[in-house]
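Quick notes on the structure that follows.
In listed order, ligands and their atoms are each counted from 1. We're numbering straight along the sequence, starting at 1. Since we're looking at a predicted model, the values are computed, not measured.
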Amino acid sequence: MIDGNTLLFGIVGDPVGHSLSPLMHNANIESLGLNYAYVPFHVKKENIQNLISGAKALNIQGLNVTIPHKIEVIKYLDEIDSLAENIGAVNTIKFTDGIAKGYNTDAIGAMTALKEKTDIKNKNVLVLGAGGASRAISYALCEEDVNSITILNRHINKAEALADDISSKTDYTVSYDLQSNSNKYLKDTDIIINTTPNGMYPHVDDKPLIYAQEMNSDMAVFDIVYTPLETGILKEAKKIGATRISGIKMFLYQGVESFKIWTGIDANSKVMEDVILKASGIDDIGEF
Ligand code: ATR
């Protein structure tokens with residue numbers, strides 16, 4: 001029940017109506033009995049500048065930022081966490097005493113989802129794609145003591161630019177190659193992460209980027225796409241008996257992490273998971 005003492009959180013994006021974050025966060029808030037509310041804000045690009053001062057004026061405690069504002073918003077923040085700065089994208093803002101600080105919990109959410117299912121220390125990781133999501137995940141992997149990171153992409157120049165950027169800012173020498181050369185790397189790969197929209201609704205019949213016969217049962221295969229829940233590459237992973245990780249867990253854990261940053265409180269991740277699965281028409285996440 002909203003009253004005079006309710007503290008406000010929210011998500012800004014354009015569009016924002018499709019977001020499952022309000023449902024997920026409000027289910028958590030309710031289950032913890034907190035006097036908070038989480039609301040969607042449809043903010044157009046031309047209003048991004050006013051967003052931060054407006055949120056401060058309204059005493060908003062925390063915001064998530066979604067497409068297309070994750071990069072643009074950075075220039076209006078007072079502070080930025082070092083991982084978010086390296087990634088160059090912010091999806092979480094915390095307001096404290098008039099200071100707006102940006103974080104990237106997409107990256108942390110992906111690592112939590114991975115680590116829940118597989119050990120990642122000293123592992124060889126193959127990252128498919130070289131866009132914004134690949135950038136966030138590849139930087140996060142550098143903080144996890146993996147053995148190697150290889151970025152594959154359809155256009156090699158994009159993979160090269162990302163690999164070089166990460167190599168210049170971290171202790172890792174990130175390798176890169178064309179997606180079509182994936183066979184060269186798969187024998188030594190422990191973890192495959194798809195960061196491309198391959199197989200994402202409505203392109204559910206896209207040919208998977210890696211087939212079962214190129215995988216092995218000791219691998220872990222993580223697809224950040226979660227519409228549909230079982231993408232082509234995850235179907236291939238199932239055929240060979242590899243460990244599978246769904247992007248819906250990354251979405252869940254980025255929300256858990258944002259809540260912790262804003263409030264210092266551990267979220268009720270079970271309630272959050274149940275409500276997003278129900279909203280996605282899934283009764284049971286099963287083996288994902
Ligand atoms: P995001 O921010 O979601 O990562 P992005 O920055 O547009 O989105 O990057 C998408 C990435 O997925 C790119 O690496 C893109 O490859 P190119 O750089 O060669 O265009 C890759 N990608 C997009 N659609 C793809 C598909 N159908 N198959 C394989 N790779 C794809």
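- You'll find the side chain of I93 stays beyond 4.5 Å of the side chain of K101, heavy atoms only.
- Nearest non-hydrogen protein atom to atom 2 (O) of ligand 1 is G132 N, 3.3 Å.
- Nearest protein heavy-atom neighbour of atom 11 (C) of ligand 1: G131 N, 4.0 Å.
- Per-residue contacts place P197 under 4.0 angstrom from the following atoms of ligand 1 (heavy atoms of the residue considered): 12 (O), 22 (N), 23 (C), 24 (N).
- Of all atoms in ligand 1, numbered sequentially from 1 with element shown, those under 4.0 Å from a heavy atom of K158 are 13 (C), 18 (O).
- The presence of a protein heavy atom under 4.0 Å from atom 7 (O) of ligand 1 is ruled out.
- Under the 4.5 Å side-chain criterion, counting only non-hydrogen atoms from C-beta, T170 is in contact with Y139.
- The shortest N or O to N or O distance between A130 and ligand 1 is below 3.5 Å.
- In terms of protein heavy atoms, atom 19 (O) of ligand 1 is closest to H155 ND1, 2.5 Å.
- Side-chain contact between L128 and I151: absent, with no pair of heavy atoms (C-beta onward) separated by less than 4.5 Å.
- Side chains of E116 and Y253: a donor-acceptor N/O pair is present below 3.5 angstrom, by distance only.
- Atom 27 (N) of ligand 1 has R154 NH1, 3.8 Å as its closest protein atom, hydrogens excluded (heavy atom only).
- Look at D106 and K70 and you find a salt bridge, because one of the NZ, NE, NH1 or NH2 atoms lies within 4.0 Å of a carboxylate O, short of that distance.
- Listed by number with element, the atoms of ligand 1 under 4.0 Å from a non-hydrogen atom of G129 are 14 (O).
- The only member of K260, E257, M250 that meets side chain to side chain contact (heavy atoms under 4.5 Å, CB included) when paired with I108 is E257.
- Ranking protein heavy atoms by distance to atom 4 (O) of ligand 1, first place goes to A133 N, 2.9 Å.
- Of the protein's non-hydrogen atoms, N153 OD1, 3.1 Å is the one closest to atom 16 (O) of ligand 1.
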Atom pairs and distances, donor-acceptor, side-chain atoms in residues 7-22, under 3.5 Å, two or more places apart:
residue: D14; atom: OD1; partner: H42; partner atom: NE2; Å: 2.6
residue: S19; atom: OG; partner: S21; partner atom: N; Å: 3.0

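- Under the 4.0 Å criterion applied to side-chain N and carboxylate O atoms, K123 and E144 are not assigned as salt-bridge partners.
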